[in-house]
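These notes concern the structure reproduced below.
Numbering starts at 1 and runs along the sequence shown.
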Amino acid sequence: MRGIYRIVDFPAGEHDDLVVAWLWTGQQGVFSHATALLLHELSDALPARAHVTVPETWRRRRLRVPSGVVLHFADIEPSQRSWVGSVPVTSVVRTLIDCANSHAAPDLVNQAYQPYIPHIAR
């Protein structure tokens, strides 16, 4: 039977649900957009679905995307990737750019940018 199995006596990981989605991408995807905001703890984002960026060449594929996954297509450079626990995620800078370009909720994007805005001396 095809599937993903976990050894019963092995403790569950913090992001097991995301690991399943990542394995579906053949380990080529990277979590991005609102999901990356959550993983980097940059905002109060609680996305209803996992946002995963897969290589641009996947755009031409006929995919049966798992429920609960939103695909984005882009070639993510190694310098734009990092890891949070056992899952790959876009870097903080790439995450902020992706969210701004995808018109994510402005309050979440502003919340995420706040630590990066220099404080103006009075």
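No more than 12 heavy atoms of other residues, nucleotides or ligands lie within 6.0 Å of CZ in Arg60, so this atom counts as exposed by the packing criterion. Within 6.0 Å of the CZ atom in Arg59, the count of heavy atoms belonging to other residues, nucleotides or ligands exceeds 12.
Taking all atoms of both residues into account, the shortest heavy-atom contact from Trp22 to Pro88 is NE1-CG, 3.1 Å. When every heavy atom of Ala36 is checked against every heavy atom of Thr90, the shortest pair comes out as CB-OG1, 3.5 Å.
Under the 4.5 Å side-chain contact rule for hydrophobic residues, Ile97 and Leu37 do not share a cluster. Linking Ile, Leu, Val, Met, Phe, Trp and Tyr whenever their side-chain heavy atoms come within less than 4.5 Å puts Val87 and Val65 in one cluster. One hydrophobic cluster holds both Leu23 and Leu63 under the rule that ILVMFWY side chains link at heavy-atom gaps under 4.5 Å. Each of Trp83 and Val30 belongs to its own hydrophobic cluster when Ile, Leu, Val, Met, Phe, Trp and Tyr are linked at side-chain heavy-atom distances under 4.5 angstrom. Val69 and Leu46 are assigned to two separate hydrophobic clusters, defined by single-linkage of ILVMFWY side chains at heavy-atom distances under 4.5 Å.
Within the model, atoms CD of Glu56 and CG of Asp75 stand 6.0 Å from one another, a figure rounded to the nearest 0.5 Å. Interatomic distance, Leu18 CG to Leu39 CG, rounded to the nearest 0.5 Å: 6.0 Å. The OG1 atom of Thr95 sits 10.0 Å away from the CD atom of Gln80 when rounded to the nearest 0.5 Å. Between the NE2 atom of His40 and the OG atom of Ser91 there is a distance of 6.5 Å, given to the nearest 0.5 Å.
In this structure, the side chains of Val52 and Trp24 stay at 4.5 Å or more apart for every pair of heavy atoms. Counting only heavy atoms from C-beta outward, the side chains of His51 and Phe31 never approach each other to under 4.5 Å. Residues Val54 and Gln28 are not in side-chain contact: their nearest non-hydrogen atoms beyond the backbone lie 4.5 Å or more apart. At a threshold of 4.5 Å between non-hydrogen side-chain atoms, the residues Ile76 and Arg94 count as touching.
Under a 3.5 Å cut-off, the side chain of His33 and the backbone N or O of Thr53 do not form any donor-acceptor pair.
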